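These numbers were taken from a predicted model, which means no experiment stands behind them. Each chain gets a letter, A, B and so on, in the order the sequences are listed, and its residues count up from 1. All heavy atoms count here, side chains included; hydrogens, waters and symmetry mates do not.
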Amino acid sequence: MDRTFTEHLLQWYDANRRDLPWRSNPEPYGVWISEIMAQQTQMERVVAYWRRWMERYPDLGSLAAASEEEVLKVWEGLGYYSRAKNIRKAAELILTDHAGVFPDEIKQIQALPGIGAYTAGAIASIAFNKVAPAVDANVLRVFARLLDIAEPVKAAKVKQEVEQAVLPLIPEKRPGDFNQALMEFGAMICSKRPDCDQCPMSQHCAAFANGTTGERPVLPRKRKAIHIEMATGVLVYNDKVLIQKRKPDDVWPGLWEFPGGCVEKGETPREALVREYMEEVELEIYPAEKITVVSYSYTKYRVTMHCYLCHSANNGQLKPVFNEAVTGQFVSPESLSSYAFPAGHRRLIECMLDEAWFDNLK
DNA sequence: AACACGTGGAT
DNA sequence: TATCCAAGTGT
């Protein structure tokens with residue numbers, strides 16, 4: 001590998017780069033937001049969220065002034081919600097510790113919450129023109145082929161090796177473009193199924209020369225998915241529905257949901273729901289009609305969620321006690337759109353919007 | 001080092 | 001349909 005590699009790659013990039021909105025003006029705040037959103041997320045999905053975010057929070061000040069509740073709502077649907085919380089925390093830290101100016105030293109950048117080695121290198125190179133590697137999964141895959149690396153690419157040792165290989169290739173004039181070129185090349189040409197016929201870099205590629213392209217990168221073996229059945233209930237009372245806010249240090253911390261839980265062995269979903277309502281909110285309910293079944297997945301779980309319209313078994317005032325949530329409340333159907341829900345519950349809400357009984361609530 | 005953390009697109 | 005996995009970080 002030598003400097004001709006850099007030239008070839010930048011030539012390819014200049015001719016093929018995607019038109020991403022933050023690229024027209026790579027200032028630190030916008031680049032930072034784009035990089036956090038892009039973590040474990042396909043770039044095409046990021047664009048709409050980024051535009052909405054920048055409209056809502058055009059600068060650090062407006063972001064630091066926002067509540068966590070509000071930020072989670074803007075993030076709703078992107079997943080990995082700690083990213084949104086860390087962005088807000090980091091904004092506060094930049095205001096207090098850096099006089100409101102985004103730090104340009106890589107160590108200071110990486111010290112901010114939610115920013116690791118990759119993101120720090122990406123921001124430093126793209127927004128501040130610093131020569132710093134930004135090794136993401138694309139770059140690891142590309143170099144596993146370029147160097148024909150036979151060890152698992154996720155090993156810390158391989159990542160260091162790749163960082164060392166990348167560093168001398170980064171051009172002083174265009175470090176940010178080079179890092180983005182490497183990632184974009186990995187995403188578009190040197191992807192999971194590489195397009196070696198069209199590859200402008202094959203002359204530099206050891207795996208191509210050795211005929212091992214299909215065996216690189218070496219990946220860890222997969223964990224198997226766990227299937228679970230869940231029951232969820234929409235309790236209607238005085239034309240309002242009960243929602244609760246999930247606890248921190250659990251999945252979906254800070255997001256809202258309808259009460260419910262796992263269907264245990266030997267239980268029907270309806271039985272599980274009655275039990276869960278008693279355990280979670282100390283209310284005696286009965287499930288009426290089945291609204292829908294939502295299938296979704298998160299991390300290693302594949303969930304089948306049975307959803308019921310529920311009523312109270314008692315007359316008179318309902319006083320839920322929130323044993324498994326930070327808080328909760330009865331809210332009007334139309335106000336559901338202002339709370340952040342996990343994707344599965346959001347799909348349940350979408351489904352209810354088509355139902356007459358839901359429409360008839362005041 | 002290994003696992004948790006979300007979601008939806010691709011195959 | 002099932003599985004992979006995408007501009008990773010924190011613990």
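In this structure, A:Asp249 places its CG atom 16 Å from C1' of B:dC3, rounding to the nearest Å. In this structure, the CG atom of A:Asp250 is 14 Å from the C1' atom of B:dG6, given to the nearest Å. Summarising the geometry, the separation between CZ on A:Phe143 and P on C:dA7 is reported as 16 Å, rounded to the nearest angstrom. As rounded to whole Å, 18 Å separates atom P of C:dA6 from atom CD1 of A:Ile36. Between the C1' atom of C:dC5 and the CZ atom of A:Arg141 lies a distance of 10 Å, rounded to the nearest Å. The interatomic distance linking A:Lys154 (NZ) with B:dA4 (C1') rounds to 12 Å, in whole Å. Rounded to whole angstrom, the span from the CG atom of A:Leu140 across to the C1' atom of C:dA6 amounts to 13 Å. The nearest whole Å value for the distance from the NZ atom in A:Lys85 to the C1' atom in B:dG6 is 13 Å.
In terms of phosphate contacts, A:Tyr81 brings a side-chain nitrogen or oxygen within less than 4.0 Å of OP1 or OP2 of B:dT7. When the side-chain nitrogen and oxygen atoms of A:Arg346 are compared with OP1 and OP2 of B:dT7, none of them lie within a distance under 4.0 Å. Contact annotation: A:Trp252 reaches the phosphate of B:dT7 (side-chain N/O to OP1 or OP2, under 4.0 Å). Here A:Lys300 does not reach the OP1 or OP2 of B:dC3: none of its side-chain N or O atoms lies under 4.0 Å away.
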Report each atom pair, protein N/O against N/O of nucleotides 9-11 of chain B, whose distance is under 3.5 angstrom.
residue	atom	partner	partner atom	Å
B:dG9	O4'	A:Gln42	OE1	3.3

Would you tabulate the pairs of protein nitrogen or oxygen atoms and nucleotide nitrogen or oxygen atoms of nucleotides 9-11 of chain C closer than 3.5 angstrom?
residue	atom	partner	partner atom	Å
C:dT9	OP1	A:Gly116	N	2.8
C:dT9	OP1	A:Gly116	O	3.4
C:dT9	OP1	A:Thr119	N	3.1
C:dT9	OP1	A:Thr119	OG1	2.8
C:dG10	OP1	A:Gly114	N	2.4

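Note that CD of A:Glu257 and CD of A:Glu324 are 9.5 Å apart. Values are rounded to the nearest 0.5 Å.
Salt bridge A:Lys130/A:Glu105: present, at least one basic N to carboxylate O contact under 4.0 Å. A salt bridge links A:Arg18 to A:Glu184: at least one charged side-chain nitrogen sits closer than 4.0 Å to a carboxylate oxygen. Electrostatic pairing of A:Lys89 and A:Glu92 does not count as a salt bridge here, judged by no charged N lying under 4.0 Å from a carboxylate O.
No engagement by A:Lys224 is indicated, since no non-hydrogen atom pair under 4.0 Å with the nucleic acid exists. No engagement by A:Ala122 is indicated, since no non-hydrogen atom pair under 4.0 Å with the nucleic acid exists. At a threshold of 4.0 angstrom between heavy atoms, the contacts of A:Ala156 are confined to the sugar-phosphate backbone, with no base atom among them. Residue contacts for A:Gly186: at a heavy-atom cut-off of 4.0 Å it reaches no nucleic acid atom on any strand shown. No engagement by A:Arg246 is indicated, since no non-hydrogen atom pair under 4.0 Å with the nucleic acid exists. A:Glu184 comes within 4.0 angstrom of a nucleotide base, judged by non-hydrogen atoms across all strands. Residue contacts for A:Ile123: at a heavy-atom cut-off of 4.0 Å it reaches no nucleic acid atom on any strand shown.
Heavy-atom nearest nucleotides on DNA chain C were determined for A:Arg302 and for A:Ile126, and the one closer to the 5' end corresponds to A:Arg302.
Other residues, nucleotides and ligands place more than 12 heavy atoms under 6.0 Å from the CZ atom of A:Arg3. Taking a 6.0 Å sphere around CG of A:Asp19, one finds it holds 12 or fewer heavy atoms contributed by other residues, nucleotides or ligands.
At distances below 3.5 Å, not a single donor-acceptor pair connects side-chain atoms of A:Asn238 with backbone N or O atoms of A:Lys240.
A:Glu68 and A:Tyr81 are not linked by any side-chain donor-acceptor pair at a separation below 3.5 angstrom, with hydrogens and angles left out of the test. When only modelled atom types and interatomic distance are considered, A:Ser332 and A:Ser335 share a side-chain donor-acceptor pair under 3.5 Å.
For A:Tyr298 against B:dG6, no side-chain N or O and base N or O form a donor-acceptor pair under 3.5 Å. Residue A:Arg18 places a side-chain atom within donor-acceptor reach of the base of C:dA7, judged by atom type and a 3.5 Å distance cut-off alone.
A:Gln39 is linked by a side chain to side chain contact (heavy atoms under 4.5 Å, CB included) to A:Ile36, A:Arg83, A:Thr119, counting only residues two or more places apart in sequence or in another chain.
On the C1' atoms, B:dA2 is 23 Å away from C:dA7, given to the nearest whole Å. Between B:dG8 and C:dT9, the distance separating the two P atoms is 22 Å to the nearest Å.
In the set C:dA7, B:dG6, B:dT7, the nucleotide with an atom closest to the side chain of A:Gln40 is B:dG6. Ranking B:dT7, C:dG8, C:dA7 by closeness to the A:Ala137 side chain, first place goes to C:dG8. Comparing atom distances between the A:Leu219 side chain and each of B:dG6, B:dT7, C:dC5 picks out C:dC5 as nearest.
If you run ring-ring contact (aromatic ring centres under 6.0 Å, His included) between A:Phe341 and each of A:Trp252, A:Trp256, A:Phe258, only A:Phe258 comes through.
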